[in-house]
Amino acid sequence: MSTSPAKKEFFIRPAQADDVDAILKLIVDLATYEKATDSVKATPELLRKNLFEKEYAHTLLAFLGTTETPGDAVGMALYFHNFSTWTGKPGVYLEDLYVTPECRSMGIGKALFAELGKIAEDNDCARLDWSVLKWNQPSIDFYDKALGATSMSEWMGMRLEGAGIQNLRKFAPPAGPAPQSIQ
């Protein structure tokens, strides 16, 4: 698909269930880069179930070599579809993009974004969104300069996990009589 100054070849394809170990390795590598290895709770079983059985998200993998003689997985883009109420259209949310340090500057990140762009266009998506850690200046520079991405500084990310999600139960309306069916 592309070559680097060192003339290394790579290709990108959608991940398959047999790729869960490679996906998990890249997730752990990303967490190590982000100094958050303790946050990784993913297992091969969870990835298999949620990516390939329930299809909550999808993954593109970049491999060194060619499709005929593939090498190791050296990059990934894990994404899912969301929806914009303002545009009335679906979007793509990039959960994580990672390229191993030794394979950066080969064009793999750009190629992964090109594939995401194709997916967005094929699905009539209005947006491609993602988040980046504020301290990750090399990635911010790449998104800004290479991709022309727009910073969304007016937005702040929010999250609930575990007990926070369970605490939402207290806001549920009281259970009343079962609705009557219309005949």
Looking only at heavy atoms, which two atoms of E154 and S151 are closest? And how far apart?
OE1-O, 4.3 Å
Applying the 4.5 Å side-chain criterion to the ILVMFWY set and letting contacts propagate, would V92 and F83 be lumped into a single cluster?
no
Are L47 and I27 close enough that some pair of their side-chain heavy atoms sits under 4.5 Å apart?
yes
All ring-ring contact (aromatic ring centres under 6.0 Å, His included) counterparts of F142, not counting sequence neighbours:
none
If the condition is salt bridge (charged side-chain N to carboxylate O under 4.0 Å, His left out), which residues does D122 pass it with, not counting sequence neighbours?
K118
Residues 34-61 vs ring-ring contact (aromatic ring centres under 6.0 Å, His included), sequence neighbours excluded, gives H58-Y79
Do Y143 and V132 have side-chain heavy atoms sitting under 4.5 Å apart?
yes
Could you state the interatomic distance from CZ (R48) to CD1 (I23), rounded to the nearest 0.5 Å?
9.5 Å
If you draw a 6.0 Å radius around CG in D72, do more than 12 non-hydrogen atoms from other residues or ligands fall strictly inside?
no
Salt bridge (charged side-chain N to carboxylate O under 4.0 Å, His left out) involving R104 - partner list, sequence neighbours excluded:
none
Consider only side-chain heavy atoms of I, L, V, M, F, W and Y, link residues closer than 4.5 Å, and tell whether V40 and L61 are in one cluster.
yes
Nearest 0.5 Å please: distance from the OG1 atom of T150 over to the CG atom of D129.
10.5 Å
For L97 and A77, work out which heavy atoms get closest and say how close.
CD1-CB, 4.2 Å
Pairing residues for K54 by the salt bridge (charged side-chain N to carboxylate O under 4.0 Å, His left out) criterion, not counting sequence neighbours
none
Hey, does K89 have a side-chain heavy atom less than 4.5 Å from the side chain of D124?
yes
Salt bridge (charged side-chain N to carboxylate O under 4.0 Å, His left out) assessment of K25 paired with D29
CA-CA 6 Å; K25 181 185 182 317; D29 289 352; 2.9 Å; yes
Tell me, with the steps shown, if S84 and R127 meet side chain to side chain donor-acceptor pair (under 3.5 Å).
CA-CA 8 Å; S84 168; R127 299 177 178 151; 3.2 Å; yes
Pairwise distance OG1(T100) to CD1(I108) - rounded to 0.5 angstrom:
6.5 Å
Under a 4.0 Å N-O cut-off, is there an ion pair linking R13 with D19?
yes
Restricting to side chain to side chain contact (heavy atoms under 4.5 Å, CB included), what partner residues turn up for E95, sequence neighbours left out?
L78, F80, Y93
Over all heavy atoms of both residues, which pair between G75 and L112 is shortest? Give the atoms and the distance, please.
C-CD1, 4.3 Å
Could you state the interatomic distance from CD1 (I140) to CH2 (W135), rounded to the nearest 0.5 Å?
9.5 Å
Counting C-beta onward and ignoring hydrogens, is there a side-chain heavy-atom pair between D96 and W130 closer than 4.5 Å?
no
